[in-house]
Amino acid sequence: MWSVAYVPVGERPLALDVQALANRFVRLDISEPSRALACVVSHSSLFERIKARQYDETYLLVLKDTVQHGDAKEVTIGDDGVLRMQGQICVPNLDGLRELIL
């Protein structure tokens, strides 16, 4: 982490622009001096809501335990901790999440 106070005066506007981009989830990759790659990092708030509530539903909690014991073939838990059946996210029937998708 750096502070704008330690950036030379002539470079401060650029540093502030880079910081503003970072605050908007834009990441810069400067692998060569003459090129910069900017990409936007985004996350679906719906996905985060599903993930947060997924194991609040009894059926999905039982399914999770089944997966963890190695007894499920078509159900997996991804690296992100999300339960999926045949590659599709298991959506709990809570808070109207299913209706939001439809």
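Not measured: the values here are computed from a predicted model.
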Considering all heavy atoms, the nearest Gln68-Ile77 contact
CG-CD1, 4.1 Å
Pro92 side chain reached by Asp56 side chain, heavy atoms, under 4.5 Å:
no
Begin with the C-alpha distance, continue with both residues' side-chain angles, and end with the deciding distance and a verdict on side-chain contact (heavy atoms from CB on, under 4.5 Å) for Ile101 and Leu46.
CA-CA 9 Å; Ile101 295 170; Leu46 179 58; 4.0 Å; yes
Of all heavy-atom pairs linking Leu97 and Arg53, the shortest is CD1-CB, 4.2 Å
CG-CG distance between Leu60 and Asp65, expressed to the nearest 0.5 angstrom:
11.0 Å
Heavy atoms only: give me the nearest Val82-Gln54 pair and the separation to one decimal.
CA-OE1, 3.6 Å
In one Ile/Leu/Val/Met/Phe/Trp/Tyr side-chain cluster, 4.5 Å: Leu83, Leu61:
yes
Should we say atom CZ of Arg84 is surrounded by more than 12 heavy atoms from elsewhere, each under 6.0 Å from it?
yes
Is there a path from Leu100 to Ile89 through hydrophobic residues (I, L, V, M, F, W, Y) whose side chains come within less than 4.5 Å of each other?
yes
Write down the atom of Gly10, the atom of Pro13, and the distance for their closest heavy-atom approach.
O-CD, 3.8 Å
Tyr55, Phe47: one ILVMFWY side-chain cluster at the under-4.5 Å cut-off?
no
Interatomic spacing from CG in Asp95 to CD1 in Ile50 - rounded to 0.5 Å
11.0 Å
Non-hydrogen side-chain atoms of Tyr59 and Asn93 separated by less than 4.5 Å:
no
